[in-house]
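Note on naming: letters A, B, ... go to the chains in the order of the sequence lines (proteins, then strands), and numbering restarts at 1 for each one.
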Protein chains: 2
Amino acid sequence: MPQLAMEMEATARVLKLLGDPTRLTILAILNKRECCVCELLEVFSTSQPAISQHLRKLKDAGLIKEERRGQWVYYSLRPQSEYYSLLQAVLSYVPDQGENIRKIETANPTARCGC
Amino acid sequence: MPQLAMEMEATARVLKLLGDPTRLTILAILNKRECCVCELLEVFSTSQPAISQHLRKLKDAGLIKEERRGQWVYYSLRPQSEYYSLLQAVLSYVPDQGENIRKIETANPTARCGC
DNA sequence: GACTTATATAAGTACTTAATTATATAATGA
DNA sequence: TCATTATATAATTAAGTACTTATATAAGTC
């Protein structure tokens, strides 16, 4: 298989990952701020395992990275990715995430109690 | 459902269409020149119905248009598409199609005989 | 009109995907 | 250590997808 065909397939693979509304929204949010899983959960009406599975796919593709901090695992974009600039280009066409960010910060799920 | 969520889903739907190597390559080729089905067929190692089905999906999404000329149906990008600029942005990250264009023009499938 | 070429559609199928529920692992704190 | 919270993984399942083969439609040619 010629090199170009391989690159085409790899590019298509990344675009297919972006072609899911949940993943695309996750990426758009992470482009504004890192988030842990329980923060992302505030945004979607789906289960925690579903979010974890989406995050795993994005991580396996090298688009995001994770960092554990105590009981939380924070996810953020990986600017080192070969596809970071493609990702940024695509995200510039995606609706603003202000509303979802606000939802996260209002719920503030990492600050249970603190009385 | 909020408007933004709908836009996000529509955008993801387009990206999912781009997330297939055959369709992505078709779009990259059509970005260089219009083609009929039998020309595209020269590029891929798949059946004619498979190509027609990909073209139909792209047409249903408004990304391409068709125009019959005699026995051939020519497909081309549809610059009026709401997603044309997203498409162009993505295509700028896709491998050059010079090789495939050359393959089409060498095979020249619309010029059977002509002796 | 019969034959050929180009393309589309239909039906069937193998594979993939994204969800769910159940459970495992990991960290925290009483 | 036990209970709780956060997250990941496993197993299952329903739905979606991209192909195949067979056939239909449409145009061109003799």
Just to confirm, is there a sub-4.0 Å distance from OP1 or OP2 of [N] to any side-chain nitrogen or oxygen of [X]?
X	N	result
A:Lys16	D:dT17	no
B:His54	D:dC19	yes
B:Arg68	D:dA26	no
A:Thr46	C:dA18	no
B:Ser47	D:dT20	yes

Round to a whole Å and report the spacing from [atom1] of [X] to [atom2] of [N].
X	N	atom1	atom2	answer
B:Gln71	C:dA6	CD	P	6 Å
B:Ile64	C:dA8	CD1	C1'	13 Å
A:Arg23	C:dA19	CZ	P	8 Å
A:Leu17	C:dT16	CG	P	15 Å
A:Asp20	D:dA15	CG	P	17 Å
A:Arg56	C:dT17	CZ	P	14 Å
B:Ile26	D:dC19	CD1	C1'	14 Å
A:Trp72	D:dT5	CH2	P	12 Å

Donor-acceptor contact present, side-chain A:Arg78 to main-chain A:Leu63, <3.5 Å: no

Backbone N/O of A:Thr25 and side chain of A:Arg23: donor-acceptor pair under 3.5 Å: no

Heavy-atom pair of closest approach, residues B:Glu34 and B:Ser76: CB-CB, 3.9 Å

For B:Glu39 against B:Ile104, the heavy-atom pair lying closest together: O-CG1, 3.5 Å

Closest listed nucleotide, where the reference is the side chain of [X] and the choices are [options]:
X	options	result
B:Pro49	C:dA10, C:dA19, C:dA6	C:dA10
A:Gln53	D:dT7, C:dA19, C:dT7	C:dA19
B:Ser52	C:dT28, D:dT21, C:dT9	C:dT9
A:Ala50	D:dT7, C:dT20, D:dT9	C:dT20
A:Tyr75	D:dA8, D:dT17, D:dC19	D:dA8

Quiz item: A:Gln48 side-chain donor-acceptor pair to D:dA6 base, under 3.5 Å: no

Salt bridge B:Arg102-B:Glu42, side-chain N to carboxylate O under 4.0 Å: no

Short N-O contact, A:Lys65 and A:Glu67, less than 4.0 angstrom: no

Residue closer to the 5' end of DNA chain C, A:Gly70 versus A:Lys57 (nearest nucleotide): A:Lys57

5' precedence on DNA chain C between A:Gly19 and B:Glu66 (nearest-nucleotide basis): B:Glu66

Touch class at under 4.0 angstrom, heavy-atom based, for A:Lys59 against every strand present: nothing

